[in-house]
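In what follows, a structure is listed as structure tokens, so that the remarks can point back to it.
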Number of protein chains: 4
Amino acid sequence: MGAAGAGARRPRTDKQRNRAHILEVAEEFFSERGITGSLDAIAKQAGVGPGTLYRHFPNREALLAALLQTRDEELVSRRDAIRREEADSGIALARWLEAMGEWLTAFDGLPEPLRAALSEETSPLAITCQGFITTTDEFLHAAQRDGAAHPWVRGRDLFLTVLATAWVRSAALADESSPQALHALMQSGWMTPRTERGPLT
Amino acid sequence: MGAAGAGARRPRTDKQRNRAHILEVAEEFFSERGITGSLDAIAKQAGVGPGTLYRHFPNREALLAALLQTRDEELVSRRDAIRREEADSGIALARWLEAMGEWLTAFDGLPEPLRAALSEETSPLAITCQGFITTTDEFLHAAQRDGAAHPWVRGRDLFLTVLATAWVRSAALADESSPQALHALMQSGWMTPRTERGPLT
Amino acid sequence: MGAAGAGARRPRTDKQRNRAHILEVAEEFFSERGITGSLDAIAKQAGVGPGTLYRHFPNREALLAALLQTRDEELVSRRDAIRREEADSGIALARWLEAMGEWLTAFDGLPEPLRAALSEETSPLAITCQGFITTTDEFLHAAQRDGAAHPWVRGRDLFLTVLATAWVRSAALADESSPQALHALMQSGWMTPRTERGPLT
Amino acid sequence: MGAAGAGARRPRTDKQRNRAHILEVAEEFFSERGITGSLDAIAKQAGVGPGTLYRHFPNREALLAALLQTRDEELVSRRDAIRREEADSGIALARWLEAMGEWLTAFDGLPEPLRAALSEETSPLAITCQGFITTTDEFLHAAQRDGAAHPWVRGRDLFLTVLATAWVRSAALADESSPQALHALMQSGWMTPRTERGPLT
DNA sequence: GATGAATGAGGGTTCATTCAT
DNA sequence: GATGAATGAACCCTCATTCAT
């Protein structure tokens with residue numbers, strides 16, 4: 001017992017190995033069963049004691065944060081790619097929001113702790129969220145400068161909307177078209193622009 | 001012990017009394033502590049055994065559904081009022097969405113089980129949701145007929161959006177302006193209408 | 001699983017049965033392994049779930065208190081017997097202290113929680129201790145009235161001394177004569193009375 | 001990490017430095033939080049790994065023994081002072097017992113492991129205790145020779161009594177007068193000397 | 001020697017749910 | 001029907017101790 005899977009019994013720099021292995025298992029676990037599963041169970045499946053898991057990640061949030069950090073890099077790449085490739089700031093924003101949305105649906109139940117983290121300054125997840133909001137703000141400002149986005153929109157709100165959309169999506173799976181529909185709603189709203197209809201009076 | 005607490009000594013029509021009393025207590029409980037509290041605690045506070053609670057409501061969802069049904073009536077009234085008072089179908093839809101949004105924030109954590117219910121046909125909550133979607137569709141169709149809403153929007157998607165907004169709101173408390181911002185986003189989207197900017201190319 | 005040992009699967013007034021059975025097991029457990037053993041282990045050995053044990057005794061102290069209450073009756077009998085039989089108030093006190101001392105060595109480690117309880121008013125054990133102190137005071141007052149006990153002694157201090165003696169006894173087992181020696185010390189002190197030696201100066 | 005924290009950067013005589021530093025930290029730790037605290041925490045606070053701590057002190061008892069050895073010297077000084085200054089062997093004994101009592105309350109919880117050690121020959125703490133008992137015997141013999149102490153008292157019993165008194169004192173804090181009362185009890189017992197009351201018959 | 005990661009049994013506790021009474 | 005005792009898996013977490021590096 002206690003082996004890190006890959007062969008010998010605790011070979012060399014096993015801290016990193018263990019950490020990585022735990023993350024792997026946790027990723028799988030969270031993906032399959034959602035992020036509410038038992039940490040002890042993850043430890044067991046990873047072949048380590050609960051203490052080991054606890055050493056690496058003092059609580060569920062820390063584990064999640066570490067897990068996301070890995071995924072973060074992918075998102076950063078996408079961000080850079082969008083910046084590089086996309087001249088139209090509106091489309092760039094759209095693509096970024098889409099990328100974020102995909103990222104947020106990585107695990108079932110992920111939006112929940114992120115939302116919770118938003119209310120607590122100290123959480124490691126809060127930092128992640130802040131990063132997202134900042135990036136969103138960048139894309140948004142560019143779009144606003146170009147007149148592609150409403151001036152009254154804030155990055156934080158966009159993030160929240162994407163988050164909420166990601167959250168709701170888990171349920172709407174049965175309905176294939178929901179994701180796009182929600183995306184469209186977020187983009188254009190349900191209301192037709194007044195200009196098309198004449199003044200409201 | 002075992003009496004219905006609130007004065008009387010449990011005469012004949014126990015069952016109905018109990019049911020009503022449990023609902024009352026549950027309402028208070030859920031309102032104050034969110035819907036994740038212990039059912040045992042509710043039973044205890046209602047002065048009944050957990051078995052009794054379970055007889056009336058086989059699980060948390062059933063209890064919640066019963067609870068919401070009561071609240072439903074309020075929402076129905078609002079719906080009727082809107083229908084009666086509001087000539088502009090767009091504004092009517094807007095008001096309806098707002099009413100629904102308020103309703104969905106009645107208890108902390110309420111959106112979660114509703115979302116879950118959407119994936120399961122059999123859930124008692126699913127029926128409630130269906131009712132909402134239907135009503136939303138009615139308002140929406142009217143609005144679409146009048147050109148006040150985009151023709152591609154579906155009632156289900158609007159409901160999901162309102163639900164998601166209600167969900168995200170619990171976290172955004174610190175930020176006072178979030179609710180409105182999200183509302184505006186849902187209504188108008190972040191993107192400026194193309195007509196204002198010229199063709200997309 | 002889950003049966004209370006004695007045959008059928010949860011026969012009649014099993015609450016009392018279970019309670020009694022748990023107490024029995026706990027008594028055995030505490031006697032053999034001291035009072036620091038795992039509560040879960042006791043539950044398991046009693047054939048009940050941890051929750052059941054918890055329901056009956058919300059914590060270790062409560063369990064202990066219940067256990068002692070049973071023993072209490074024995075002590076009360078002894079107290080009454082002493083009162084009945086013993087004319088010499090000094091000897092009566094001595095016998096009571098001895099009885100208490102024996103009672104306090106019922107389980108290994110028992111003095112510890114009792115000592116701890118003395119600092120906390122709310123503890124169920126504290127009440128037990130108070131009872132002892134009161135009784136000690138009664139015997140002591142009689143002895144003092146008869147000139148058999150020093151007037152400056154207080155019941156509380158005598159109790160503490162007996163408690164301390166019981167505590168220290170667990171270690172001194174190897175030394176057979178320690179209990180008596182300590183008893184004698186408590187009774188007569190180590191110092192010879194000044195009257196035998198003349199004034200101190 | 002892993003440096004000895006307190007300034008220097010761990011030159012050659014690591015081992016001794018480490019040992020000393022661990023002892024320092026442990027002393028502080030035990031004084032403040034009692035001797036039941038986590039050894040890991042001590043190691044961490046001392047800036048060494050738990051392995052290092054364990055190398056020096058294979059278990060909690062060993063650490064404690066080492067710690068007490070340092071304090072021992074103080075007690076030895078007091079012993080010598082008493083010997084030097086005190087002509088009256090009875091008062092000398094009393095002073096020694098008092099000194100020992102103070103020494104035993106150095107850390108919260110100290111009496112416990114000492115008592116335990118008394119049952120095990122091999123314990124490092126047992127040696128410390130033996131020293132105390134020996135010294136007590138010396139004072140006691142002198143007092144007995146002078147008729148100041150009962151001839152039936154043994155040093156070991158006196159030590160046990162002082163130990164027990166130290167133990168019980170932690171609980172009796174609320175009661176300011178307990179320490180003195182217990183001291184008096186140990187000295188004179190609760191029973192009035194028979195000579196004052198006539199023969200027992 | 002020193003390190004500190006790993007161990008893993010064990011701690012107390014909660015609670016949705018069942019079922020004998 | 002109502003009751004509430006029983007269930008027992010699950011939760012998170014701690015820490016003395018070992019041992020590979």
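Every chain is numbered from 1, with letters handed out A, B, ... down the list of sequences.
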(message) I need the CZ-P distance between A/Arg17 and E/dG4, as an integer number of Å.
(response) 21 Å
(request) For side chain to side chain contact (heavy atoms under 4.5 Å, CB included), just list the numbers for B/Leu118 and B/Leu125, CA-CA rounded to whole Å, side-chain angles, deciding distance to a tenth of an Å, and then say yes or no. (result) CA-CA 8 Å; B/Leu118 284 172; B/Leu125 291 177; over 6 Å; no
(request) Would you mind classifying the nucleic acid contact of B/Ser38 as base, sugar-phosphate or nothing, using non-hydrogen atoms under 4.0 angstrom? (result) sugar-phosphate
(message) On DNA chain F, compare the nucleotides closest to C/Pro50 and A/Gly51; which residue's is nearer the 5' end?
(response) C/Pro50
(message) What does the 5'-to-3' dot-bracket notation of DNA chain E look like when only Watson-Crick and G-U wobble pairs under 3.5 Å count, and pairs to other strands show as |?
(response) .||||||||||||||||||||
(request) Could you state the atom-to-atom distance from CZ of B/Arg19 to C1' of F/dT3 in whole Å? (result) 19 Å
(request) Between F/dA6, E/dA2, F/dT3, spot the one nearest the side chain of C/Thr52, thanks. (result) F/dA6
(message) So, OP1 or OP2 of E/dG1: does either fall under 4.0 Å of a side-chain N or O from D/His56?
(response) no
(message) Atom CZ of residue position D/Arg33 - does it have more than 12 heavy atoms of other residues, nucleotides or ligands inside 6.0 Å?
(response) no
(request) For B/Phe57 and E/dT17, give me the distance from atom CZ to atom P, rounded to whole Å. (result) 15 Å
(message) Looking at A/Tyr54, I'd like to know whether one of its side-chain N or O atoms comes within less than 4.0 Å of OP1 or OP2 on F/dC12.
(response) no
(message) Tell me whether D/Arg115 contacts the main-chain N or O of C/Trp167 through its side chain, where contact means a donor paired with an acceptor under 3.5 Å.
(response) yes
(request) Give a yes/no on whether any side-chain N or O of D/Asn18 is located under 4.0 angstrom from OP1 or OP2 of E/dA2. (result) yes
(message) Taking the nucleotide of DNA chain E with the nearest heavy atom to each, does C/Asn59 or D/Asp40 sit closer to the 5' end?
(response) D/Asp40
(message) Rounded to whole Å, please give me the gap between NE2 in A/His21 and C1' in E/dA6.
(response) 15 Å
(request) Using whole Å, report how far NZ of D/Lys44 lies from C1' of F/dA16. (result) 14 Å
(message) Under 4.0 Å, heavy atoms only, any strand: does C/Pro58 hit a base, just the sugar-phosphate, or nothing?
(response) sugar-phosphate
(message) Please report the distance, rounded to the nearest Å, between CD1 in D/Ile42 and P in F/dT17.
(response) 13 Å
(request) Identify which one of B/His21, B/Glu28, B/Glu27 satisfies the side chain to side chain contact (heavy atoms under 4.5 Å, CB included) criterion when paired with B/Val25. (result) B/His21
(request) Please check if atom CG in A/Asp72 has more than 12 non-hydrogen atoms from other residues, nucleotides or ligands closer than 6.0 Å. (result) yes
(request) Please state how far atom CD1 in A/Ile35 lies from atom P in F/dC11, giving the value in whole angstrom units. (result) 13 Å
(message) What I'd like to find out is whether the side chain of D/Ile35 reaches to under 4.5 Å of the side chain of D/Phe29, using heavy atoms alone.
(response) no
(message) Nearest whole Å is fine: how far is E/dA20 P from B/Arg55 CZ?
(response) 14 Å
(message) Between B/Thr128 and B/Gln69, is there a side-chain donor-acceptor contact under 3.5 Å, judged purely by atom types and distance?
(response) no
